[in-house]
Enquirer: 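Following this message is one structure expressed as structure tokens.
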Number of protein chains: 2
Amino acid sequence: MRQELHLQNILLYDLCIADYFAAMDEIDRKIACLLAEDARRSLADIGGVVDLSPSAVNERIRRLTASGAIQRFTVEADPVAFGQDVLAFVFVALNYEAGEAAFKDFIAACPNVLDCHHVTGGWSYLIKIRVATLSGVEDFLQQLKERRFLARSETMLALSTVTEKPFKPF
Amino acid sequence: MRQELHLQNILLYDLCIADYFAAMDEIDRKIACLLAEDARRSLADIGGVVDLSPSAVNERIRRLTASGAIQRFTVEADPVAFGQDVLAFVFVALNYEAGEAAFKDFIAACPNVLDCHHVTGGWSYLIKIRVATLSGVEDFLQQLKERRFLARSETMLALSTVTEKPFKPF
DNA sequence: AATTCTTGCCGCATTTAATGCGGATCACAG
DNA sequence: CTGTGATCCGCATTAAATGCGGCAAGAATT
């Protein structure tokens, strides 16, 4: 029983957490992989690959989704086709007086921001943005300035892209 | 006739190209948006939002996919659930003797590489990788070194993530 | 101004896929 | 050895996607 072990001993509790994730076996991994390649494959089709019935596959997908391992079904879109031609990376040294929480809220709400990570090194945050034109980059920086988030910043433009893909299980 | 215009005049030809992309109207944009949020929505459901019949919606999705504006149907997966806990950015100054094409091939084939862009500034490429552990970062750098791709490099680890999402039309 | 032609849409019929559920099997704990 | 839980299968049901004929609006042609 998980709960008993938990009450007994924190180490065993940790094992149970690990076990919770380990509930995902090779088959789940394979299913997630197949869905990442093409989320429209039928359950029967997937079942043919992993040697399970459609219902069993369905149940596994349900579990993967419920546990958050699969976060959502979506489409990959071409930024250029949607008029977002410019890709840039902005390094930010935060002006902490303006409030780190406010900064995070702003970033999280900004549709142009694709990535924002707290990073090691001389900068506090690394931000990846997609905008329609170069002036979109300027607008973005201007917004950061207006809100007093910037102590210092540096911007790199992406000239071309070798590869750009969301995380996929493999 | 497009072809006649093309033969007449290069400017008109350009207009035709623009027209090709402009074939995507606000409804297509909205549909792509809805699919990005949840690719499993039914055609009827989407049709309800954009005020079209399921068949019309289906036809539009088919066109969006065929034109490449929608690149594929996929799932967003949680890297941590799949054991890829470490996110890092590697800046590379390329040793051009080793061959830029070989570098690109290597990068494109490497499953750990999520992003790789040619960028402005002091570095040639910015690479985003996901690996299971810190030693995975070392392994990656080691591989670049072995192949003589590195003139110089610098690595930033992501300590935490404010937001991380693939491009979505909006 | 009249007439093709094209394009996009609707709505229904058909086909395909997903879902829900009862019963069988297996692993494991008591 | 027996009970318990989890997972699976297979079928019946429900829901969704697909395919196609016909219609209507707008553009191009004459």
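So you know, we letter chains A, B, ... as the sequences are listed, proteins then strands, and number each from 1.
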Enquirer: Starting from P on C:dT19, measure out to CD1 on A:Ile46 and report it in whole angstrom.
Expert: 11 Å
Enquirer: Whole-Å distance between D:dA16 P and A:Leu43 CG?
Expert: 15 Å
Enquirer: Considering just the side-chain nitrogens and oxygens of A:Asn58, establish if one lies under 4.0 Å of OP1 or OP2 belonging to C:dT19.
Expert: yes
Enquirer: Whole Å only: how far is the CZ atom of A:Arg62 from the C1' atom of C:dA17?
Expert: 19 Å
Enquirer: Check the distance between C:dA27's P and A:Asp25's CG and give it to me in whole angstrom.
Expert: 15 Å
Enquirer: On DNA chain D, check which nucleotide each of B:Arg41 and A:Pro54 is closest to and give me the residue with the more 5' one.
Expert: A:Pro54
Enquirer: Does D:dT7 have OP1 or OP2 under 4.0 Å away from a side-chain N or O of A:Arg63?
Expert: yes
Enquirer: State the CZ-CG distance between B:Arg29 and B:Leu64, to the nearest 0.5 angstrom.
Expert: 10.5 Å
Enquirer: Using the side-chain heavy atoms of B:Ser42, tell me which of these nucleotides is nearest: C:dC21, C:dA18, D:dA17.
Expert: D:dA17
Enquirer: Please find out if less than 6.0 Å separates the ring center of A:Phe140 from that of A:Phe149.
Expert: no
Enquirer: Nearest of D:dG19, D:dG10, C:dC9 to any side-chain atom of B:Leu52?
Expert: C:dC9
Enquirer: Whole angstrom is fine here: how far is it from CZ in B:Arg60 over to C1' in D:dA17?
Expert: 18 Å
Enquirer: Is a donor on one side and an acceptor on the other found under 3.5 Å between the side chain of B:Thr120 and the backbone of A:Leu157?
Expert: yes
Enquirer: Calculate the interatomic distance between B:Ile27 atom CD1 and C:dT7 atom C1'; express it in whole Å.
Expert: 14 Å
Enquirer: Rounded to the nearest Å, what distance is computed from the CD1 atom of residue A:Ile31 to the C1' atom of nucleotide D:dT7?
Expert: 12 Å
Enquirer: What about B:Phe89 and A:Phe89, are their ring centers closer than 6.0 Å?
Expert: no
Enquirer: Rounded to the nearest Å, what distance is computed from the CG atom of residue B:Asp28 to the P atom of nucleotide C:dG8?
Expert: 10 Å
